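Working notes for the structure below.
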Amino acid sequence: GAFACPVAAAVGSVLALPYPDGAFDGLWCAAVTQYLADGELTAALAEFRRVVRPGGLVAVKDIDGNLMRAPTRVPGLIQHLREARARAGSPQARGALRGPELRTWLRCAGFADVRLETTLVERWPPYRPAERQYLLSLVDTFAGLAEDVDIPQYERDEWARLRVLGDALLDDPNHYYREGHVLAVGRVPTGA
């Protein structure tokens, strides 16, 4: 199928977009800001504002790691791991917890009419193959991160237990997983 307008791909950094000022009517950024340190997010938002014409929209979608939950014998296990990694200086861990603040970030970057919406995604067994792969990968990744971060030993042990359970964890009819996503939208002010 053909697009109603021409589409071209380019490689660049969100910290220095390879486009002239006001080149776009709008900008969509998804699953990126969580990987940026605070100073980098400030720079990226300035670039987003620069390349979008006055009156245009900028939409930033990312995770709200505060809403991620799964059943475990240790309440808050995912949250504790993220918080410990953020304290240790991980920009991604800090960014994953920053989702609810994106409205404020856009306002501070000079966007107008900023709004934020949160969507909760919930999953239960039976899981589809792609969901199983995603959840097993998530447990494996988190269990690996737990080995090298300052959390209590019982939390490290719980991550190791979940990793060993693997498919059995997801076959439990009581298993539940949720994650949250935020969408912050702002308008480039006119006359700016």
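Fair warning: this is a prediction, and the values are worked out from it, not measured in the lab.
Using a 4.0 Å cut-off between a side-chain N of Lys or Arg and a carboxylate O of Asp or Glu, R98 and D62 do not qualify as a salt bridge. Contact check on E147 versus R163 returns a salt bridge, with a Lys/Arg side-chain nitrogen under 4.0 Å from an Asp/Glu carboxylate oxygen. A salt bridge is absent between D150 and R87; no separation between the charged side-chain nitrogens and carboxylate oxygens falls under 4.0 Å. Salt bridge status for E122 with R178: absent, with no side-chain N to carboxylate O gap under 4.0 Å. With respect to D148 and R85, no salt bridge is recorded, no charged nitrogen being found less than 4.0 Å from a carboxylate O.
In this structure, the side chains of L116 and L102 come closer than 4.5 Å at one or more pairs of heavy atoms. Between P71 and H175 there is a side-chain heavy-atom pair separated by less than 4.5 Å. Residues R123 and Y134 meet the side-chain proximity criterion, which asks for heavy atoms closer than 4.5 Å. Under the 4.5 Å side-chain criterion, counting only non-hydrogen atoms from C-beta, H181 is not in contact with T118. Taking the side chain as every heavy atom from C-beta outward, V188 and F24 never approach each other to under 4.5 Å. With a 4.5 Å cut-off on side-chain heavy atoms, P189 and R49 count as touching. With contacts defined as side-chain heavy-atom distances shorter than 4.5 Å, the pair V60/F48 qualifies. Counting heavy atoms from C-beta outward, V182 and K61 have side chains that stay 4.5 Å or more apart.
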Begin from the C-alpha positions of L17 and L27 and carry the test side chain to side chain contact (heavy atoms under 4.5 Å, CB included) through to its verdict.
CA-CA 12 Å; L17 294 171; L27 183 144; 4.3 Å; yes

Decide side chain to side chain contact (heavy atoms under 4.5 Å, CB included) for L183 and W28; before the verdict, give the C-alpha distance in whole Å, the side-chain angles of both, and the deciding distance to 0.1 Å.
CA-CA 10 Å; L183 174 63; W28 169 253; 3.5 Å; yes

Evaluate E155 against L77 for side chain to side chain contact (heavy atoms under 4.5 Å, CB included), listing each step before the verdict.
CA-CA 7 Å; E155 290 189 3; L77 188 68; 3.8 Å; yes

Give the C-alpha distance, both sets of side-chain angles, the deciding distance and a yes or no for side chain to side chain contact (heavy atoms under 4.5 Å, CB included) between M68 and Q79.
CA-CA 7 Å; M68 190 176 275; Q79 187 74 13; over 6 Å; no

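E47 places no side-chain N or O within 3.5 Å of a backbone atom of V14 that could act as its donor or acceptor partner. Between the side chain of E131 and the main chain of R128, a donor-acceptor pair closer than 3.5 Å is present. A donor-acceptor pair under 3.5 Å is formed between the side chain of N66 and the backbone N or O of L97. At distances below 3.5 Å, at least one donor-acceptor pair connects side-chain atoms of T141 with backbone N or O atoms of S137.
The hydrophobic cluster around L67 extends to L120, counting ILVMFWY residues whose side-chain heavy atoms fall within less than 4.5 Å of a member.
The shortest heavy-atom contact between I151 and A146 is CD1-CB, 3.9 Å. Contact record, V114 with G186: CG2-CA, 4.0 Å, taken as the closest heavy-atom pair. Scanning all heavy atoms of the two residues, the minimum distance from A44 to L36 falls at CB-CD1, 3.9 Å. Smallest separation of non-hydrogen atoms from P54 and T190: CB-CA, 3.8 Å. The nearest pair of heavy atoms linking A93 to A86 is CB-N, 3.5 Å. Nearest heavy-atom pair, L41 versus T33, reported as atom, atom and distance to 0.1 Å: CD1-CG2, 3.7 Å.
To the nearest 0.5 angstrom, Q34 atom CD is 11.0 Å from D64 atom CG. We find the OG-CD distance between S90 and E83 to be 13.0 Å, quoted to the nearest 0.5 Å. To the nearest 0.5 Å, atom CD of residue E179 and atom OG1 of residue T119 are 11.0 Å apart. Expressed to the nearest 0.5 Å, how far CG of L162 lies from CG of L135 amounts to 12.0 Å. Note that CG of D157 and CZ of R73 are 9.5 Å apart. Values are rounded to the nearest 0.5 Å.
Under the 4.5 Å side-chain heavy-atom criterion for ILVMFWY residues, no single connected hydrophobic cluster contains both F111 and L57. V139 and V164 end up in different hydrophobic clusters when Ile, Leu, Val, Met, Phe, Trp and Tyr side chains are linked at under 4.5 Å. Following chains of ILVMFWY side-chain contacts shorter than 4.5 Å, one cannot reach V121 starting from I78, and the two form parts of different hydrophobic clusters. Cluster membership for Y35 and I63, using ILVMFWY side-chain heavy atoms within less than 4.5 angstrom, is not shared.
Considering only residues two or more places apart in sequence or on other chains, W124 meets the ring pair (Phe, Tyr, Trp, His ring centres under 6.0 Å) condition with Y176. By the side chain to side chain donor-acceptor pair (under 3.5 Å) test, D21 is found to be paired with R50, residues two or more places apart in sequence or in another chain being considered.
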